[in-house]
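Shown next, in structure tokens, is the structure this report addresses.
Reminder, nothing fancy here: chain letters follow the sequence lines and each chain counts from 1. Quick note: numbers below take in every heavy atom, side chains included, and nothing from hydrogens, waters or symmetry partners. These numbers come from a predicted model, not from an experiment.
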2 protein chains.
Amino acid sequence: MFHRWRLSDLAITIRDVAKEAGVSVATVSRVINDSGYAHEDTRKVVLEAVNKLNYKPNEVARSLFKRKSKLIGLILPDITNPFFPALARGVEDYLQKEGYRVIFGNSDEQLEKEMDYVDTFKQNNVVGIIASINETDSEMLSELSIPLVLLDRTIEALPSVYADQEQGGRLAAEKVLERGSKEITIVRGPKNVKNVYQRFEASYEVLKEAGVKVNILDSNLSFNGAKERAIELFQKYPQTDGVLACNDIVGVAILNEAQRIGKRIPEDVQVIGFDDISISELVYPGLSTIHQPAYEMGAKAAEILIKKINQEKLLNIHYKLAVSFVERKSTRKIGK
Amino acid sequence: MFHRWRLSDLAITIRDVAKEAGVSVATVSRVINDSGYAHEDTRKVVLEAVNKLNYKPNEVARSLFKRKSKLIGLILPDITNPFFPALARGVEDYLQKEGYRVIFGNSDEQLEKEMDYVDTFKQNNVVGIIASINETDSEMLSELSIPLVLLDRTIEALPSVYADQEQGGRLAAEKVLERGSKEITIVRGPKNVKNVYQRFEASYEVLKEAGVKVNILDSNLSFNGAKERAIELFQKYPQTDGVLACNDIVGVAILNEAQRIGKRIPEDVQVIGFDDISISELVYPGLSTIHQPAYEMGAKAAEILIKKINQEKLLNIHYKLAVSFVERKSTRKIGK
DNA sequence: TTGAAAGCGCTAACAA
DNA sequence: TTGTTAGCGCTTTCAA
């Protein structure tokens with residue numbers, strides 16, 4: 001026989017409610033889930049008991065039985081990079097109001113961490129996953145039995161929500177060009193982050209076609225080293241009069257460095273960022289950039305995921321959002 | 001009798017492992033948990049079966065039985081505010097390597113959301129909570145039976161990890177003073193966010209004591225409206241030659257506006273922020289600020305929480321981290 | 001319209 | 001050293 005002292009503050013269970021209401025646990029279950037029959041009178045009694053005891057169903061027990069929780073896994077590369085919080089917030093706000101909670105993890109773009117999270121998500125009966133992970137990594141997830149939507153990334157095999165990187169890259173290039181830059185340096189993000197690389201390629205193509213001089217500088221996407229990259233840029237390519245940054249962090253760093261060494265923005269050098277993180281509007285002299293609708297992307301990914309969870313058989317959807325050029329003070333007024 | 005078709009992709013259970021290894025589920029449980037006896041030979045057989053089947057225990061079942069999960073709840077006001085991601089990352093990194101996962105939620109400083117999250121955390125058998133919530137709200141949590149540590153906030157009744165706000169406020173005031181500002185405007189954060197208000201009070205006291213002219217302007221802490229506040233500042237108090245901002249976001253906005261209207265930084269006006277978010281180093285001309293060790297705070301909160309969970313009877317600890325002045329280009333060199 | 005009971009996957013008490 | 005089994009709190013089948 002098995003015995004255990006009850007902890008002093010044991011939570012109210014469905015049993016307690018049943019006893020209080022003078023009905024069986026099955027009946028309580030039926031009324032709180034609105035499943036099956038329940039006489040109006042019993043319903044009322046049960047609901048009263050629920051209220052009186054402030055009963056909250058144990059989600060773990062539910063989850064065990066139904067093999068489905070109200071939990072959703074979210075994997076983002078690095079919440080510390082200001083682009084991702086907006087994504088996360090979009091996801092969380094949508095999920096929250098649908099009654100789901102999110103288990104969150106940073107992957108640092110590392111396959112191992114991604115897989116580790118996916119494993120523990122499964123172990124916790126998560127009903128869906130939203131992940132911002134790389135192409136090669138995500139292919140291993142294609143056969144995952146639980147609904148997954150890719151966010152800010154896309155591959156053929158999986159539903160995804162992302163912004164049009166090529167359009168963004170092109171746009172950035174066109175805008176500097178229109179505004180008269182003649183020697184343009186592209187600060188290129190890491191090749192393994194495919195979407196970031198796509199921006200580069202699109203920009204590069206437009207610039208090349210225009211016959212303008214173009215330099216390429218490699219950089220990563222985080223705060224780490226952005227300053228050094230900016231310094232390097234003007235040392236290596238002092239004639240640069242236009243910069244296309246792989247993201248706004250790098251863009252801001254370049255704005256800083258340019259001004260520090262006495263270049264006028266935008267007269268001497270124009271800078272265009274990418275992402276449109278909140279701070280870009282606030283820095284001096286205002287960073288022109290390519291706006292990605294991050295919050296909307298997050299919310300949309302959540303929406304699609306919920307639909308998949310609810311079995312709405314939408315095909316393998318690839319939801320591509322448009323980006324736009326946000327003109328601020330780091331680029332010249334057109335025609336000047 | 002009860003019957004259900006097995007879903008095609010049912011996960012491996014302990015039963016499958018037991019069968020594969022030719023032992024009972026109890027034995028499997030013992031070896032994977034390293035609890036109770038197990039002959040070395042059986043151990044090996046079981047472990048082989050585990051590997052062969054790639055068995056991962058169902059955490060939900062575990063959680064139901066033990067009334068304890070490997071989940072920890074994290075409540076932060078708004079992940080979109082750059083101060084909080086650093087906190088979150090500190091928490092997540094520590095917890096992750098201890099084998100815990102985090103359920104995350106934004107509260108927007110709203111009691112209702114906070115309580116809602118706490119409820120669902122409980123429903124999910126979370127073993128601990130880290131929360132950045134307000135004094136009045138957190139008092140309702142004092143009797144919570146599950147371990148909780150306050151992060152970036154503090155009250156007497158609960159363990160907490162936070163940075164020394166008074167020191168920070170004082171430091172900021174002393175530094176502008178030392179550097180010669182004569183009319184200082186303090187941009188004050190919302191009164192209901194106690195730590196932010198403490199900064200203000202400490203600064204104010206120092207400034208008053210110094211007999212310098214001080215103006216006060218109210219602001220919130222988010223990107224929202226920061227620009228307008230900055231504009232208002234120089235309209236209302238055009239003689240301002242020193243600004244103490246409630247946080248770096250506001251600080252950056254002020255830097256921007258000051259330069260936009262032709263003020264030289266730091267000659268005409270000095271600006272000191274608060275937080276030392278990553279971007280502050282990158283903006284032009286570099287925002288001097290009060291550094292809060294956000295990442296460390298998050299990690300420390302996680303560490304303390306884990307200790308509490310493991311019953312290490314540390315008292316009701318209040319862990320106060322020191323802040324420091326980070327001198328960049330928005331303040332003058334001392335003595336000039 | 002209701003209740004009894006099985007069982008989700010696991011751990012731990014107890015017997016063997 | 002190992003196996004049998006109760007039971008964590010819930011939902012659902014089935015019988016009443």
Side-chain angles (χ1 to χ4, degrees), chain A residues 1-7 9-46 49-50 53 55-70 120 122-125 127, chain B residues 1-7 9-46 49-50 53 55-70 120 122-125 127:
Chain A
M1 228 347 118
F2 183 114
H3 200 266
R4 169 206 306 263
W5 297 108
R6 313 211 101 202
L7 297 153
D9 59 345
L10 227 36
I12 310 295
T13 76
I14 198 170
R15 278 198 144 64
D16 303 316
V17 178
K19 192 181 295 176
E20 174 73 27
V23 300
S24 73
V25 295
T27 301
V28 176
S29 177
R30 266 184 236 111
V31 348
I32 63 176
N33 290 299
D34 249 327
S35 63
Y37 300 96
H39 193 279
E40 186 51 35
D41 296 345
T42 14
R43 238 184 70 83
K44 248 171 71 182
V45 177
V46 168
V50 166
L53 302 180
Y55 168 68
K56 311 262 192 230
N58 181 327
E59 285 296 337
V60 178
R62 276 188 167 167
S63 172
L64 180 59
F65 181 85
K66 307 181 101 178
R67 291 203 191 78
K68 269 169 184 292
S69 68
K70 287 299 234 174
T120 58
K122 282 197 232 162
Q123 291 179 275
N124 285 286
N125 277 1
V127 278
Chain B
M1 228 347 116
F2 183 113
H3 201 267
R4 169 206 306 262
W5 297 109
R6 314 212 101 203
L7 296 153
D9 60 345
L10 227 34
I12 310 295
T13 75
I14 198 170
R15 280 200 142 64
D16 302 316
V17 178
K19 193 181 295 177
E20 174 73 27
V23 299
S24 74
V25 294
T27 301
V28 176
S29 177
R30 267 183 236 113
V31 346
I32 63 176
N33 291 299
D34 249 328
S35 62
Y37 299 97
H39 193 280
E40 186 51 36
D41 296 345
T42 16
R43 239 183 70 82
K44 248 170 71 180
V45 177
V46 169
V50 166
L53 302 180
Y55 168 67
K56 311 261 194 234
N58 181 325
E59 286 295 337
V60 177
R62 277 187 167 168
S63 172
L64 179 60
F65 181 85
K66 307 181 99 177
R67 292 203 191 77
K68 268 168 183 296
S69 69
K70 287 299 235 172
T120 59
K122 283 198 232 162
Q123 290 179 278
N124 284 287
N125 277 2
V127 277

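- Listed by chain and number, the residues in a side chain to side chain donor-acceptor pair (under 3.5 Å) with B:S24 are B:T27 (sequence neighbours excluded).
- We find that CZ of A:R15 is positioned 10 Å from P of D:dG7, with the value rounded to whole Å.
- Looking at residues two or more places apart in sequence or on another chain, you find a side chain to side chain contact (heavy atoms under 4.5 Å, CB included) between B:Q123 and A:K56, A:P57, A:E59, B:T120.
- Remark: P of D:dC10 and CD of B:Q123 are 10 Å apart, rounded to the nearest angstrom.
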task: Just do the side-chain contact (heavy atoms from CB on, under 4.5 Å) check on B:L64 and A:N58 with the steps written out, would you?
output: CA-CA 9 Å; B:L64 179 60; A:N58 181 327; 4.2 Å; yes
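- Within residues 18-29 of chain B, the residues having any heavy atom under 4.0 Å from DNA chain C are, by residue number, B:A26, B:S29.
- OP1 or OP2 of D:dG9 lies within a sub-4.0 Å distance of a side-chain N or O belonging to B:R67.
- Rounded to whole Å, the distance from NZ on B:K66 to P on C:dG9 is 18 Å.
- Under the rule for a side chain to side chain donor-acceptor pair (under 3.5 Å), the partners of A:N125 that lie at least two apart in sequence or sit in another chain are A:S63.
- Heavy-atom contacts from other residues, nucleotides or ligands closer than 6.0 Å to NZ of B:K19 number 12 or fewer.
- Straight-line distance from the CZ atom of B:R43 to the C1' atom of D:dT1: 14 Å, rounded to whole Å.
- For the pair A:R62 and A:I32, the tightest heavy-atom approach, listed with the atom from each and the gap, is NH2-CD1, 3.9 Å.
- In terms of phosphate contacts, A:Y37 brings no side-chain nitrogen or oxygen within less than 4.0 Å of OP1 or OP2 of D:dT13.
- Every residue two or more places apart in sequence or in another chain that forms a side chain to side chain contact (heavy atoms under 4.5 Å, CB included) with B:R43 is listed here: B:V31, B:D34, B:A38, B:E40, B:L47.
- In this structure, B:A38 and A:N33 both approach DNA chain D, and ranking their closest nucleotides by distance from the 5' end singles out B:A38.
- Counting heavy atoms from C-beta outward, A:V17 and A:I12 have side chains that approach closer than 4.5 Å.
- Side-chain proximity of A:F65 to C:dT2, C:dG7, C:dC10: nearest is C:dG7.
- Interface residues of residues 56-64 of chain B facing DNA chain D, ordered by number: B:L64; criterion, heavy-atom separation under 4.0 Å.
- Taking atom CD on A:E40 and atom C1' on C:dT2, their separation rounds to 16 Å, with Å as the unit.
- Regarding A:K122, its NZ atom lies at a distance of 19 Å from the C1' atom of C:dC8, rounded to whole Å.
- For A:A21, the side chain to side chain contact (heavy atoms under 4.5 Å, CB included) criterion is met by A:V23, A:V45, A:V46, A:A49, not counting sequence neighbours.
- Taking atom CG of residue B:N125 and atom C1' of nucleotide D:dC8, one finds them 9 Å apart after rounding to whole Å.
- The listed nucleotides are C:dT1, D:dT2, C:dT11; the one nearest the side chain of A:T42 is C:dT1.
- Going from atom CD1 of A:I14 over to atom P of C:dA5 covers 17 Å, rounded to whole Å.
- Taking OG1 from B:T13 and CG from B:L53, the interatomic distance works out to 9.5 Å, rounded to the nearest 0.5 Å.
- One end of the helix from C:dT1-D:dA16 to C:dA16-D:dT1 points its axis 50° away from the other end's axis, with each axis taken from 5 pairs and the angle rounded to 10°.
- Residues meeting the side chain to side chain donor-acceptor pair (under 3.5 Å) test with A:S29, sequence neighbours left out: A:N33.
- With sequence neighbours left out, B:N124 forms a side chain to side chain donor-acceptor pair (under 3.5 Å) with no residue at all.
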